[in-house]
Amino acid sequence: MQRERDPLVIGRVIGDVLDPFMRTVPFRVSYNSREVKNGCEFRPAAVVQQPRVEVGGTDFDAFFTLVMVDPDAPSPSEPNLREYLHWLVTDIPIHTEASFGNEITQYERPRPERGIHRFIFVLFQQSRRQTVYAPGWRQNFCTRDFAELYNLGSPVAALYFNCRSESGSRGRRM
């Protein structure tokens with residue numbers, strides 16, 4: 001896929017949260033059987049429960065780390081809490097769901113107050129099982145720094161959806 005047509009580039013996930021990477025692992029996220037497609041929109045009421053996350057691939061000894069962040073907190077026009085950590089799971093075995101991994105930071109449902117927020121799921125392949133410590137706070141988490149700290153390398157997959165407050169107006173404010 002050409003970079004300029006990549007939805008992660010168009011949605012500024014590449015740049016704001018991630019550096020360019022090559023997707024190498026099948027990755028599926030769904031809320032109540034509705035699959036997350038890059039750039040789709042979910043209402044806050046639809047994302048209350050943690051999603052089903054499925055990881056594929058061919059290396060049966062592999063384990064994965066899942067990070068879910070909001071780079072638009074508290075608002076897209078003033079994202080001074082960027083990135084807000086919503087979920088962190090490590091040691092997810094291949095061909096299973098995130099529920100089989102080690103939940104480091106419990107899922108916190110998206111609750112955007114102003115504007116349209118991007119919620120990004122990033123998947124990293126681990127070189128081995130490892131101890132990961134919960135961050136002291138959720139705000140100002142940095143996916144790039146986290147990946148460097150735990151030697152995760154580049155992501156192997158990523159997805160994002162948009163979400164706005166139930167009373168929000170139409171259109172993304174930039």
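Given the structure is predicted, the values throughout are model-derived calculations rather than measurements.
- Comment: Glu41 engages Arg164 in a salt bridge, judged by a side-chain N to carboxylate O separation of less than 4.0 angstrom.
- Considering Tyr31, Tyr160, Phe161 as possible partners of Phe119, the one that fulfils the ring-ring contact (aromatic ring centres under 6.0 Å, His included) test is Phe161.
- Remark: side-chain polar atoms of Arg109 are not paired, donor with acceptor, to backbone N or O of Val47 under 3.5 angstrom.
- Remark: the backbone N or O of Gly101 is not paired with any side-chain donor or acceptor of Asp91 at under 3.5 angstrom.
- With hydrogens and angles ignored, the 3.5 Å screen pairs a side-chain donor or acceptor of His86 with a backbone N or O of Glu108.
- Judged by distance alone, the side chain of Glu83 and the main-chain N or O of Thr143 form a donor-acceptor pair under 3.5 Å.
- Two residues are said to be in side-chain contact when any heavy atoms from C-beta on lie closer than 4.5 Å; Phe146 and Leu85 fail this criterion.
- Remark: the backbone N or O of Thr90 is not paired with any side-chain donor or acceptor of Gln126 at under 3.5 angstrom.
- Arg111 and Glu113 are not joined by a salt bridge, as no carboxylate oxygen comes within less than 4.0 angstrom of a charged side-chain nitrogen.
- The shortest side-chain heavy-atom distance between Cys40 and Arg34 falls under the 4.5 Å cut-off.
- Within the 3.5 Å criterion, the main-chain N or O of Arg12 finds a donor-acceptor partner in the side chain of Arg118.
- With hydrogens and angles disregarded, a donor-acceptor distance shorter than 3.5 Å links the side chain of His95 to the backbone of Gly57.
- For CG of Asn32, the number of neighbouring non-hydrogen atoms (other residues, nucleotides, ligands) closer than 6.0 Å is 12 at most.
- Between Ile92 and Thr96 the shortest heavy-atom distance is CG2-OG1, 3.8 Å.
- Within 6.0 Å of CD on Gln130 lie more than 12 heavy atoms contributed by other residues, nucleotides or ligands.
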